[in-house]
Every structure is written in C-alpha cells, then in structure tokens.
*Asks:* 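For reference, the structure I am asking about is given below.
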Amino acid sequence: MTDSIPSHQSVVTRFAPSPSGHLHVGGARTALFCWAFAKGRGGKFVLRIEDTDQKRSSDAASIGFVKDLLWLGIDFDEGPEYEGLGGGAHGPYFQAQRLDIYQRYFEQLLASGDAYYAFESADELATLRAEAKARNQPFRYTGESSRAMAPAEVKRRLAGGDAAVIRFHTPPGSITIHDEILGDATLPEGEVDDFVIRKADGFPTYHFAVVVDDELMGVTHVLRAQEHFNNSAKHIVLQDALKFRRPVYGHLPLIFNPDGSKMSKRDKDKVLRKAVSEKGLTAPPAGTVDPAIFSAWLKDKNTQLAIDAAQTLAQAIGAVLPEINVDDFRKSGYLPEVICNFLSLNGWSPGGDVEKFDREFLKKSFDLSRVVKTAAKFDRNKLLAFNLDAIQAMGRQDFIARVAAHGRDMHPEFMVKLTDAQFRSLCDASQERSKTLDDLFRTNTFITTSDDDLTWDAKAIAKFIVAGEPAGAVHLATARTILQECDEWTVSSLEAALKPFAESLGNVGKIAQPLRVAVCGGTVSPPIFDTLAILGKASSLRRIDRCLESL
RNA sequence: GGCCCCAUCGUCUAGCCUGGUCCAGGACACCUCCCUUUCAAGGAGGACACAUGGGUUCGAAUCCCAUUGGGGUCACCA
C-alpha cells in the first residue's frame, strides 16, 4: 500500500501557493522545477490556490502572482482561469471552493474512527503549549479526553453550537518518509500527534486539503520546499487512512539570503525600518504614506507596510529595497530567461560545468537525482553577471526592442522626452555597459533634464573644469568654438572635428572629461561623442555655455 | 529543548552512489596587470575549499561512526 505511483503513469506536478499578488523568488524556483519536471516528461503542471485561511482571505481573490509566473515563461495546464489559461477537469482550483469535497472525506474519517471532534479552545491549547515550552518539552496533543467523550455528548455540544475542530487520530508506530532527494527518514512514534484537519470555521487545514486535492487531481510528484519535509509524515498517515495513493516526494533545498537568514518578504520591511531609524524619521515625508499608517507601522515591528507604500517611502528617503519578488527583479531590469536560468542553479545543476541554458534545456535535463540537498544563498552578484552576459549576447535590434518595452513600462516619462533616433543612439551607446534593462534609464537622467535645469556636481567641476594647467575650462571653451563650426552632428563627424585638438593636448581625456562634465553635470556618461550626438548641437552648446557662465 | 535533515573555495556548484585518473574542476565575487575619453565592458594572470576527530582500506572529498556547526519543524498559517 505504500507503493509509489508507477512510472508508466503520466507525471502530474503542482504548484500550490497561497493567494498573493506577488511571486517570491523561492516560490518561483519551486514552480519552475515542478513545471520543468512535468513538462520534460510529457506530463501536466497544475496550479492550485491554497486559500483556506480565512484570516488572510481579504486578498484571497488575488492571484496577481500568476502574471509573474507567466512572465517567467511558466505556464500551467490546469488551474484557475487566467487570460485564456487554466481550467481543467479537476477544478475548482481554489480550495475555498472545494469545501463540499473535503466534507465527504471528513465524514469518512469520522465514520471510520480515524478522526474525532475536539472542543479545546485555541486559548487553552496555547496555554498548554506555553507550559510545555517552559519545561522545554515538545507539545503533543493526545486527545484522550476528546476521544473518550461519549458520542451523545459530542452530538449535544455540537448541536449547542460549541466551537469544535476535527482532529485526525494518528495511528501508533513510526512513520517513514521516502524522499527522492533526501532519501528516507523515519520519525519515531509519537512525533506526529493528533493534528487538526478541520478548523472551527469549517475550513480544512493545509494538511488535509493538500492530501485530498493531490489525490483528486492525480498529482504523482510533490516537489516543494524542504520546510515541508516534516509535514509529509502527516500527509502520509492521512493518505493511508483515506486509502489514497502516495505521490513521490521531493523536498527542495531552501534559498537563503547571503547572510544565511531566510529570504522573506519581510526583508524589505527590515531595510526600510533601518533606513527610517537612521534618518531619525518620526513622520513620513509629505505625500508618501498616510501619517497614521506610518506611525502605527513604526510602533509595531511585527507589521509590514503595504508593498506600494513601502516602495514610495523608500524612494522618498533614498533607500533601496532588496529584490525579493519576481516583480522586483522585473522592475530592476532583469531578463526572465536569466532569472529562470539562475534560479535553476540554486539547488540543481546539469553537471559537466554547464551553467548557461534556457528553459527548453531545463525541461529536457531537469531530474530529481541532481537536486542538491543543501540550502543555497541567493547571490545577486552572479545573477547580475548572468544578466549582463545575456544582454551582451543580444542582437542590436533585440536589445533596443527590449529596452524600449522596459522603458514604456517603467520609465514612460523618460521615453516621451526622446525621439526615436535619440533613443536608438542611446541604446547603441549603452548596450555593452548595461547589466540590466534599467541601467540606461538610471544612469542617463541628464538626457531628459532640460538644458536650463541641468546642475553640476561640485567635485566634478573642481576636478575637470577648474583644475588643470591650463584649466579644463580653457579647453572647454576651445572645444566649444570647434563644435560651433560643426554642421554635421554625428558621432564620427564630431570625433573627426575634435580629434586634432584633443591630440594636440596629448590625449582625448583632456577634452573628454571637461566636455562630459559640462553637458552631463557629472563624470559618468556614454562615450563622449555619443553623448554629444544624442544631445544634439543646440543642447550641447547651450549646456557648455551655461557651464562656463556658472564659474 | 524533542524530532528530522544537511556539511567541497567568500558564494552557486562539479566530483561522492559505482573509493585510486582530484596535491579537487567550472562560474560569480575578490586581487594584480593590460586596454581605455568617464563609467562599464573586455583581455591576461593570481589567491581561495573537501568542518573536526576516529575508523574501514594498499589507498578516502568519496564508505562507517562520533563531535562540531548550520538549517527545518514542533499552529484551528500555508
């Protein structure tokens, strides 16, 4: 009865997150592996929403994370209907809509004596738990008194409206979990107590819903994060009692922050709190966050600011929040194919020194035997390096198209200020130095600043305009008169015009830096001739004039 | 604290199952130099790991045990 599902049966995997507007990178990795495993074997990938927690049901309808999944190129065969995807014969795919299904199985277990009602309140249990903790003992619910309760008494209390949960009566004996990744592990008898399978509100607990749905949806392989490992024991005893098949389990190693802490949505909040306290802020900057919400948040470290509010506040105080969600990486200009590639490498590798590959390769190659047992620390540096490599490998048109799409999405105000020709020139000048699709927008704000609003960095002025013998300003003035004479304003013509003068000074740097500072306000920009060409003649001269006047 | 799991460069990992070809390979980061009109990018070098202690064996990163360290889990959350 403990046999795994036979291999000739086609593979079905599932990704079963709580409803959320955003997909966490850890979740993305799990989804990716589930997807690759099923797809690579001609099987099905099912998406199921685990929304059995009514306390969090305010956003239960929110499955915004699906857009992140699709952005990554992870599609599903069955699941909630979403933009033409989803549906399927095993729905509904929201657990909250499957209550009648669970009820049948509750009744089955109640009838067979494998489950029973229990009337302890959450408070009572919390007290017992606290006592156990104080004694450094694990708390185990044995439920002798509940099970000893006469059926008539149970009926009476139920009829009287007493709050009750249903608990599963875990049979005696040790429980062995077979795991394709970790191997076998045996939990001694008594480790799994009589856990709750139906809450007082009538909803199933996670353990129960998972077991029923996996069976009904034909799930053959359960791939999930290692934090669920011990839960498998509960699922196994439930499957046995319900006479269900056992799926093959594979528990994936966790993904951590570089410092070893668990990567979580709260990391953003932590960074934000730190920035706020460093700045000594007691009230939110005007126009960012509601002051009442802000002070409530500040008071209670256990609360988190809503994601949008956190973002605006961070922006206002110049804090950079860590990327945690897939959407954060999208906004930062990472490519979805690179994220998939990199995520795959956290916990798995194809071997043979191969580490750059696409989703098709992953589908074909992914297998459980090469999944690593140890947790990985998420290395943003390496991700960034992969992203750079992918960008550099792109064709010119492809790069322009993708940067433009990113720009329309994330920086519309930037896009409207540039002509098509300017934008293409900027792309050409930026591709080889772009680590993300966002770099070009962040590092070239001088282009969209109007000529008369441009300000200069004092250090840059001191070093490249004021200093020198003769001063940079002198060369700048000379360069200006040369530029004035240029009728053709292209990269090559500008270079040709300025080269002789630059060489007479020794090297191009003598003139490039003063010019760069004058037209950009700082020391960093695309190559100087590209920069001048993109700005155009009128703008370039005007900026040089203003710079010279400002001295 | 109980239980469970894990342990190769700073990081992701290859090698481990089927001991010798490993004085341990790749990648990111790091250091040095080169190139250079800034920032990047690029090129050439370099440093860097089998947690510790016992076994087994002619021989161990690879097998066994212990120790240490890390993680997970002990909810009417998933």
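All values below were derived from every heavy atom in this structure, side-chain atoms included, with hydrogens, water molecules and symmetry-related copies excluded.
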*Asks:* Round to the nearest Å and state the distance from A/Ile391 atom CD1 to B/A41 atom P.
*Replies:*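 In whole Å, B/A41 P and A/Ile391 CD1 are 12 Å from each other.
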*Asks:* Between A/Thr523 and A/Ala185, which has a closest nucleotide on RNA chain B that is more 5'?
*Replies:*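 Result: A/Ala185.
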*Asks:* A/Ala376 and A/Asn346: which non-hydrogen atoms are nearest, and at how many Å?
*Replies:*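 Between these two residues, the closest heavy atoms are CB-OD1, 3.5 Å.
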*Asks:* Inspect the contact between A/Asp51 and A/Arg56 and indicate whether a charged nitrogen and a carboxylate oxygen are less than 4.0 angstrom apart.
*Replies:*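 Between A/Asp51 and A/Arg56 there is no salt bridge, as every charged N stays at least 4.0 Å from the carboxylate O atoms.
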*Asks:* What string of B, S and - do you get for nucleotides 14-33 of chain B, 5' to 3', when a contact is any protein heavy atom under 4.0 Å?
*Replies:* SS---------BBBB-----
*Asks:* Between A/Asp269 and A/Arg266, is there a salt bridge with N-O shorter than 4.0 Å?
*Replies:*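 Salt bridge: no.
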*Asks:* In the 5'-to-3' direction, what one-character label does each nucleotide of nucleotides 70-78 of chain B receive under the scheme B = base within less than 4.0 Å of a protein heavy atom, S = sugar-phosphate only, - = no such atom?
*Replies:* -SBSSSBBB
*Asks:* Does the structure show a Watson-Crick or G-U wobble partner for B/U11, both distances under 3.5 Å? Name it, or say none.
*Replies:*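 Pairing partner, where one exists within any strand: B/A27.
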*Asks:* Looking only at atom P, what distance separates B/U57 and B/A49, rounded to whole Å?
*Replies:*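 Straight-line distance between the two P atoms is 31 Å.
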*Asks:* Measure CG/A/Asn257 against C1'/B/C12 and give the value in whole Å, please.
*Replies:*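 Whole-Å distance recorded here is 15 Å.
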*Asks:* Identify which one of A/His228, A/His235, A/Lys234 satisfies the side-chain hydrogen bond (donor to acceptor under 3.5 Å, both in side chains) criterion when paired with A/Tyr206.
*Replies:*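 With A/Tyr206 as partner, A/His228, A/His235, A/Lys234 yield a single side-chain hydrogen bond (donor to acceptor under 3.5 Å, both in side chains), made by A/His228.
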*Asks:* Applying a 4.0 Å non-hydrogen cut-off, can you work out what A/Gly347 is touching in the nucleic acid: base, sugar-phosphate, or nothing?
*Replies:*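 If one applies the 4.0 Å heavy-atom cut-off, A/Gly347 turns out to touch the sugar-phosphate alone, with no base involved.
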*Asks:* So among A/Leu69, A/Leu343, A/Asp68, which one has a side chain to side chain contact (heavy atoms under 4.5 Å, CB included) with A/Val326?
*Replies:*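 Answer after filtering A/Leu69, A/Leu343, A/Asp68: A/Asp68.
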*Asks:* Quick one: salt bridge (Lys or Arg N to Asp or Glu O under 4.0 Å) partners of A/Asp214, sequence neighbours excluded?
*Replies:*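 Only A/Arg14, A/Arg48 meet the salt bridge (Lys or Arg N to Asp or Glu O under 4.0 Å) criterion with A/Asp214.
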*Asks:* Donor-acceptor check, side chain of A/Lys373 to backbone of A/Gly183, threshold 3.5 angstrom: yes or no?
*Replies:*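 No, A/Lys373 side chain to A/Gly183 backbone: no donor-acceptor pair under 3.5 Å.
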*Asks:* For the P atoms, the ones on B/U62 and on B/U18, what distance do you get once it is rounded to whole angstrom?
*Replies:*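 It comes out at 14 Å once rounded to the nearest Å.
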*Asks:* Using a 4.0 Å heavy-atom cut-off across all strands, classify A/Pro527 as base, sugar-phosphate, or nothing.
*Replies:*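 Base contact.
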*Asks:* Check the distance between B/C4's P and A/Glu189's CD and give it to me in whole angstrom.
*Replies:*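 Rounded to the whole Å, the gap is 14 Å.
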*Asks:* Applying the Watson-Crick and G-U wobble criteria at under 3.5 Å, what pairs with B/C74? Answer none if nothing qualifies.
*Replies:*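 Check on B/C74: paired to B/G1, both distances under 3.5 Å.
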*Asks:* Give me the distance, rounded to whole Å, that separates B/C76 from B/G70 when you measure between the C1' atoms they each carry.
*Replies:*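 The same atom, C1', in both gives a distance of 32 Å.
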*Asks:* Contact class for A/Pro258 vs. all strands (heavy atom < 4.0 Å): base, sugar-phosphate, or nothing?
*Replies:*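 A/Pro258: no heavy atom of the nucleic acid under 4.0 Å.
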*Asks:* Rounding to an integer number of Å, can you tell me how far A/Asn444 CG sits from B/A40 P?
*Replies:*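 A/Asn444 atom CG is separated from B/A40 atom P by 14 Å.
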*Asks:* Atom CD1 of A/Ile339 and atom CZ of A/Arg29: how far apart are they, to the nearest 0.5 Å?
*Replies:*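 Taking CD1 in A/Ile339 and CZ in A/Arg29, the distance rounds to 14.5 Å.
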*Asks:* Select base, sugar-phosphate, or nothing to describe what A/Leu515 touches, counting heavy atoms under 4.0 Å on all strands.
*Replies:*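 Nothing, no heavy atom under 4.0 Å.
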*Asks:* Any donor and acceptor pair, going by atom type alone, linking the side chain of A/Ser232 with main-chain N or O of A/Ile177 inside 3.5 Å?
*Replies:*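 A pair under 3.5 Å: no.
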*Asks:* Rounded to whole angstrom units, what separation is found between the CZ atom of A/Arg516 and the C1' atom of B/A40?
*Replies:*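 Going from A/Arg516 (CZ) to B/A40 (C1'), I get 11 Å.
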*Asks:* Choosing from B/U38, B/C4, B/G42, which nucleotide comes nearest the side chain of A/Gln392?
*Replies:*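 The nucleotide sitting nearest to the side chain is B/G42.
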*Asks:* Find the partner of B/G69: check Watson-Crick (N1-N3 plus N6-O4 or O6-N4) and G-U wobble (N1-O2, O6-N3) distances, both under 3.5 Å, and reply none if neither fits.
*Replies:*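 With both distances under 3.5 Å, B/G69 matches B/C6.
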*Asks:* Across the strands shown, which category fits A/Ser525 at heavy-atom distances under 4.0 angstrom: base, sugar-phosphate, nothing?
*Replies:*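 Base contact - A/Ser525 has a heavy atom under 4.0 Å of at least one base atom.
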*Asks:* Could you tell me whether A/Thr186 contacts a base, only the sugar-phosphate backbone, or nothing, with contacts defined as non-hydrogen atoms closer than 4.0 Å?
*Replies:*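 The residue A/Thr186 makes sugar-phosphate contact but no base contact.
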*Asks:* Please check: side-chain N/O of A/Asn257 versus main-chain N/O of A/Asp259, any donor-acceptor pairing under 3.5 Å?
*Replies:*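 Absent.
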*Asks:* Given salt bridge (charged side-chain N to carboxylate O under 4.0 Å, His left out), test A/Arg442 with A/Asp439 step by step and report yes or no.
*Replies:* CA-CA 5 Å; A/Arg442 284 202 319 271; A/Asp439 285 7; 3.0 Å; yes
*Asks:* Give one of base, sugar-phosphate or nothing for A/Leu345, where a contact means two heavy atoms less than 4.0 Å apart.
*Replies:*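 The residue A/Leu345 makes sugar-phosphate contact but no base contact.
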*Asks:* Counting only Watson-Crick pairs (N1-N3 plus N6-O4 or O6-N4) and G-U wobbles (N1-O2, O6-N3), all under 3.5 Å, who is the partner of B/G42?
*Replies:*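 The base-pairing partner of B/G42, which may sit in any strand shown, is B/C34.
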